[in-house]
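Keep in mind that this is a model prediction, so the values were computed, not measured. So you know, we letter chains A, B, ... as the sequences are listed, proteins then strands, and number each from 1.
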Protein chains: 2
Amino acid sequence: MPPLDREPTRGSPDTKDRILAAAEALFMEQGYAATSLRAITAKAKVNLAAVNYHFGSKEALIREVFDRRLGPLNQARLDYLSRLEFEAGGRALTPEKVLEAMITPVVQLSRDPLKRGAVFLRLLGRALSEPADTMKQVLPIHYRDVVLRFKDALARALPEVPEQELVWRMHFTFGAMAYAMAGNDALQLITTCEADGADDAEAIIRRLVPFLAAGLKAPAPQGLRTSPPQMTTNREAA
Amino acid sequence: MPPLDREPTRGSPDTKDRILAAAEALFMEQGYAATSLRAITAKAKVNLAAVNYHFGSKEALIREVFDRRLGPLNQARLDYLSRLEFEAGGRALTPEKVLEAMITPVVQLSRDPLKRGAVFLRLLGRALSEPADTMKQVLPIHYRDVVLRFKDALARALPEVPEQELVWRMHFTFGAMAYAMAGNDALQLITTCEADGADDAEAIIRRLVPFLAAGLKAPAPQGLRTSPPQMTTNREAA
DNA sequence: ACGTGATTCAAACAGGTGTTTGAATCATGC
DNA sequence: GCATGATTCAAACACCTGTTTGAATCACGT
């Protein structure tokens, strides 16, 4: 029977962490459904039954993989934003500052004890588009507060952008961030172009923030009721 | 034995198409690895062995799911771009026009015979960040030409943006597009905010193109050698 | 030293996986 | 008509899945 309280006193040696690290890496490489418990326990060099003993089930394991990192990450984002807002007094922040609060904690995670955080970030970038039911439970819990706080901050930073337009632009922003986090695998997947400095998270930020800020600040498109009357230059099918 | 030539003369009634449609839908809902052949054949109302008879293997099936749609889609993009470049004479296109050539064929696919194309688009949006080995073979083949052509077109449209910067901005652009294609599932996954008109592909374009064009046209960030000497406003850890 | 509870381990569990087989069915050409 | 090849079908194949079991091992308090 596993100990009901998770006190660190004479706790599990490190098998739990070994399992979490192995699962993190394999989930990133192969995806969630395609990774077997046997592959995880083999990589972690622990017994097969250890996963069910320490976590209860495979689903509980993946849940803990995300809980462990996502909680601190999003809390850091909220703290960062709160500090920026405090420093600004009552004045609204710039979109660049809001994005900075969103992204900087990611960079800090990307250089934790030897590459563990970087692996998780690439996993997270992929998880945001995973259809697994587990994600539909885990992600909203962690992201709910962050999205609401940042939506408010962006609305104040961009008072001229209508609310619905802003929601969509946040949608696009998350997409670009997810791709950036997932590494340049996706781009290399598609093209032969290779981007330099893909491992340098700070360099990515210096490229990503101006890009997204310009998009967020763009003038709102005209005439956006349900169905626009005219198309741009669309002719017959291509 | 399956017929070696795939001539439409008195061909397979429609089992192949039924299988492809069912696979498309289930892959989108559950992902590739989590979808069993038995689930596919049950939804398609065909015998289990039909998949291996008509396609050879599960991997060959998913390959054909993508081949069938991705070839025409990317060819339409190339044709669209060629036509725009012809109409422009020798002059460079605007970034908006280049994006339009990239995205408009997607819209046309999204309203094909009753929702089939729309399902595939959501699947595609997810596939771009899937780690499955199959994707690492299928996607580059289809996207190679498209990325190269559009990279050239964007480089001409944005002569002031350095090449490496442009590659990264295309990376971000693909990310935002993938999210937009995957539907607002991802955003609802993260937040409670719901975006209206998510099913109207044209409305999405009218929001997505100005956003991306503004990002692509943004002034390039300063001092981006390998490791930048100064950070923007980064202080201690959050 | 013993005992107690946490942890490991090998083995088995029931069920699902992709794939193959060989006979049955269908449609066609002669 | 029959023969031929394509397609369907039910059944089985060998293998892998997540989970459970019960004994063995370990670490510790008394």
Side-chain angles (χ1 to χ4, degrees), chain A residues 1-24 26-27 29-65 130-135 137-138, chain B residues 1-24 26-27 29-65 131-135 137:
Chain A
M1 194 189 305
L4 281 79
D5 47 9
R6 184 67 39 222
E7 46 185 347
T9 67
R10 78 182 124 100
S12 45
D14 57 344
T15 59
K16 277 194 69 167
D17 289 330
R18 301 248 298 283
I19 292 174
L20 285 171
E24 216 168 41
L26 289 176
F27 287 159
E29 292 172 12
Q30 313 173 353
Y32 167 57
T35 300
S36 70
L37 289 186
R38 283 167 178 83
I40 295 172
T41 53
K43 186 182 181 77
K45 293 200 176 81
V46 300
N47 187 273
L48 168 62
V51 157
N52 287 282
Y53 174 76
H54 283 285
F55 299 93
S57 69
K58 183 186 181 182
E59 180 163 326
L61 168 61
I62 184 175
R63 204 183 305 260
E64 199 147 324
V65 164
E130 269 221 20
D133 295 342
T134 307
M135 290 300 129
Q137 300 170 354
V138 173
Chain B
M1 193 188 304
L4 281 80
D5 46 8
R6 183 67 40 223
E7 46 186 348
T9 68
R10 76 184 125 98
S12 47
D14 57 344
T15 59
K16 277 195 69 169
D17 289 330
R18 300 248 296 283
I19 292 174
L20 284 171
E24 215 168 42
L26 289 177
F27 287 159
E29 292 172 13
Q30 313 173 352
Y32 166 59
T35 300
S36 69
L37 289 186
R38 283 167 178 82
I40 294 172
T41 54
K43 187 183 182 76
K45 293 201 176 80
V46 300
N47 187 272
L48 168 62
V51 158
N52 288 281
Y53 175 74
H54 284 284
F55 300 93
S57 69
K58 183 186 182 184
E59 179 163 328
L61 168 62
I62 183 176
R63 203 183 306 259
E64 200 148 324
V65 164
D133 295 341
T134 308
M135 290 299 128
Q137 302 169 354

Engineer: Counting side-chain heavy atoms from C-beta on, which of D:dT19, C:dG18, D:dT7 comes nearest to B:Tyr53?
Structural biologist: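 Output: D:dT7.
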Engineer: To the nearest angstrom, how far is B:Phe55 atom CZ from C:dT20 atom C1'?
Structural biologist: 18 Å
Engineer: From A:Arg38 CZ over to A:Leu48 CG, what is the distance, rounded to the nearest 0.5 angstrom?
Structural biologist: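 The distance works out to 5.0 Å.
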Engineer: Less than 4.0 angstrom between a side-chain N/O of B:Ser36 and OP1 or OP2 of C:dG16, yes or no?
Structural biologist: no
Engineer: Which is true for A:Thr41 with a 4.0 Å heavy-atom rule: it touches a base, it touches only sugar-phosphate, or it touches nothing?
Structural biologist: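 The residue A:Thr41 makes no contact with any strand.
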Engineer: If you compare every side-chain N and O of A:Ser57 against the phosphate oxygens of D:dG18 (OP1, OP2), does one of them come in below 4.0 Å?
Structural biologist: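 No, A:Ser57 has no side-chain N/O under 4.0 Å of OP1/OP2 on D:dG18.
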Engineer: Quick one: closest heavy-atom pair of A:Leu26 and A:Thr35, and the distance?
Structural biologist: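 Between these two residues, the closest heavy atoms are O-OG1, 3.4 Å.
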Engineer: Can you measure A:Gln30 atom CD to D:dT17 atom P for me and round it to whole angstrom units?
Structural biologist: 10 Å
Engineer: Ignoring hydrogens and angles, tell me if any N or O in the side chain of B:Arg18 forms a donor-acceptor pair with the backbone of B:Lys45 under 3.5 Å.
Structural biologist: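 At least one qualifying donor-acceptor pair exists.
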Engineer: Could you tell me how far apart B:Lys58 (NZ) and D:dC15 (C1') are, to the nearest whole angstrom?
Structural biologist: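 That distance rounds to 15 Å.
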Engineer: A side-chain contact here means heavy atoms from C-beta on lying under 4.5 Å apart; do A:Asn47 and A:Tyr53 qualify?
Structural biologist: no
Engineer: Whole angstrom is fine here: how far is it from NZ in B:Lys16 over to C1' in D:dT7?
Structural biologist: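 Computing the B:Lys16:NZ to D:dT7:C1' distance gives 13 Å.
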Engineer: Which whole-number value in Å describes the distance from B:Ile19 CD1 to C:dG18 C1'?
Structural biologist: 14 Å
Engineer: Whether B:His54 contacts D:dA6 is assessed here as follows: a side-chain N or O lying under 4.0 Å from the phosphate OP1 or OP2. Is that the case?
Structural biologist: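 Checking D:dA6 against B:His54, no side-chain N or O comes under 4.0 Å of OP1 or OP2.
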Engineer: With the side chain counted from C-beta on, respond yes when A:Lys58 and A:Val51 share a heavy-atom pair under 4.5 Å apart, and no when they do not.
Structural biologist: no
Engineer: Specify the separation, in whole Å, of atom CG of B:Leu37 and atom P of C:dT17.
Structural biologist: 9 Å
Engineer: List the steps and the verdict of side chain to side chain contact (heavy atoms under 4.5 Å, CB included) for B:Met135 and B:Ile62.
Structural biologist: CA-CA 9 Å; B:Met135 290 299 128; B:Ile62 183 176; 3.6 Å; yes
Engineer: Applying side chain to side chain contact (heavy atoms under 4.5 Å, CB included) to A:Leu61 and A:Ile40, what does each step give before you reach the verdict?
Structural biologist: CA-CA 11 Å; A:Leu61 168 61; A:Ile40 295 172; 4.0 Å; yes
Engineer: Quick check on C:dT8: is either OP1 or OP2 less than 4.0 Å from any side-chain nitrogen or oxygen of A:Thr15?
Structural biologist: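 Yes, such a contact exists.
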Engineer: Which ones in residues 43-50 of chain B lie close to DNA chain D, meaning a heavy atom under 4.0 Å from one of its atoms?
Structural biologist: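 Contacts with DNA chain D under 4.0 Å: B:Asn47, B:Ala49.
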Engineer: Using heavy-atom distances to pick each residue's nearest nucleotide on DNA chain D, tell me which of A:Glu59 and B:Arg38 is more 5'.
Structural biologist: B:Arg38
Engineer: What is the distance, to the nearest angstrom, from the CG atom on A:Asn52 to the P atom on C:dA10?
Structural biologist: 16 Å
